[in-house]
Amino acid sequence: LMVAITVILAAVIAAFVFGLAGTTSTAKNVGLTVGLLPEHATGEARAAITINGGTDIPTLNELKYSINGGANWYDVSALSGGTSSAVGEFTVGRIVYTTKSVKGETLQIKGIFDDGSEQILFTRSF
């Protein structure tokens, strides 16, 4: 019995030492507040996304959004008018916008980080 426990323990330790256990990613910490902008004459209501804080903001490269779980992910815009405009740097207090209407839709926002990881940061139906 002691030999079996020793062999199992040695195998587990070897797996970690030689990197066979795989890598685990940690959850990213970015706080967002999302609200609807007033409707345009076309009846579209885009979302305003405010970056509130979080330890991983310095490593946040992109924010993208999807509507109703669709396969398409769109870039957020620095402009509220819905046209595409490069966002640049993400900082606390920065407000970015969706370029499509989200009224009556489910909005999902994901962050893409320096290490190549992606994480869903926000999901809500409007």
Exercise. Between OH of Tyr97 and CD1 of Ile49, what distance do you get to the nearest 0.5 Å?
Worked result: 10.0 Å
For this session: Give every residue pair that meets the salt bridge (Lys or Arg N to Asp or Glu O under 4.0 Å) criterion with at least one member in residues 61-72, sequence neighbours excluded.
Result: Glu62-Lys64, Lys64-Asp75
For this session: Could you walk me through whether Thr106 and Ser125 pass the side-chain hydrogen bond (donor to acceptor under 3.5 Å, both in side chains) test, one step at a time?
Result: CA-CA 4 Å; Thr106 299; Ser125 294; 2.7 Å; yes
Problem set entry | Distance in Å, Glu44 CD paired with Leu36 CG, rounded so as to fall on 0.5 Å steps | 12.0 Å
Exercise. Are the side chains of Val87 and Arg94 in touch, meaning some heavy atoms are under 4.5 Å apart?
Worked result: yes
Problem set entry | Lys28 with Asp114: basic N within carboxylate O range, under 4.0 Å | no
Problem set entry | Thr50 and Thr33: side chain donor to acceptor below 3.5 Å | no
For this session: Quick one: which residue pairs count as a salt bridge (Lys or Arg N to Asp or Glu O under 4.0 Å) with a foot in residues 29-38, not counting sequence neighbours?
Result: none
Exercise. Of the non-hydrogen atoms in Gly70 and Ser66, which two are nearest, and what is the gap between them?
Worked result: O-OG, 2.9 Å
For this session: With sequence neighbours excluded, tell me which residues meet side chain to side chain contact (heavy atoms under 4.5 Å, CB included) with Arg124.
Result: Phe122, Phe126
Exercise. Taking it one step at a time, do Leu63 and Ile109 satisfy side-chain contact (heavy atoms from CB on, under 4.5 Å)?
Worked result: CA-CA 7 Å; Leu63 278 179; Ile109 301 171; 3.9 Å; yes
For this session: Test side-chain contact (heavy atoms from CB on, under 4.5 Å) on Leu32 and Asn52 and set out the steps.
Result: CA-CA 5 Å; Leu32 304 175; Asn52 292 327; 5.6 Å; no
Exercise. With sequence neighbours excluded, what pairs up with Thr55 under the side chain to side chain contact (heavy atoms under 4.5 Å, CB included) test?
Worked result: Asn29
For this session: Determine yes or no for a side-chain-to-main-chain donor-acceptor pair under 3.5 angstrom, with Ser101 supplying the side chain and Ala45 the backbone.
Result: yes
Exercise. For residues 56-78, which residue pairs qualify under ring-ring contact (aromatic ring centres under 6.0 Å, His included), counting only residues two or more places apart or in two chains?
Worked result: Tyr65-Tyr74
For this session: Of all the heavy-atom pairs spanning Asp56 and Phe113, show the shortest one and how long it is.
Result: O-CE2, 3.9 Å
Problem set entry | Distance-minimising heavy-atom pair for Ile51 and Phe90 | CD1-CD2, 3.3 Å
Problem set entry | Whether Thr98 side chain and Arg46 backbone form a donor-acceptor pair below 3.5 Å | no
Seminar exercise, completed: The reported gap from CG in Asn61 to OG1 in Thr59 (rounded to nearest 0.5 angstrom) is 7.5 Å
For this session: Using side chain to side chain contact (heavy atoms under 4.5 Å, CB included) as the criterion, list what pairs up with Glu105, not counting sequence neighbours.
Result: Ile67, Asn68
Problem set entry | Atom of Gly53, atom of Val92 and distance for their closest heavy-atom approach | CA-CG2, 3.9 Å
Exercise. For Val34, which of Leu121, Val102, Leu107 qualifies under side-chain contact (heavy atoms from CB on, under 4.5 Å)?
Worked result: Leu107
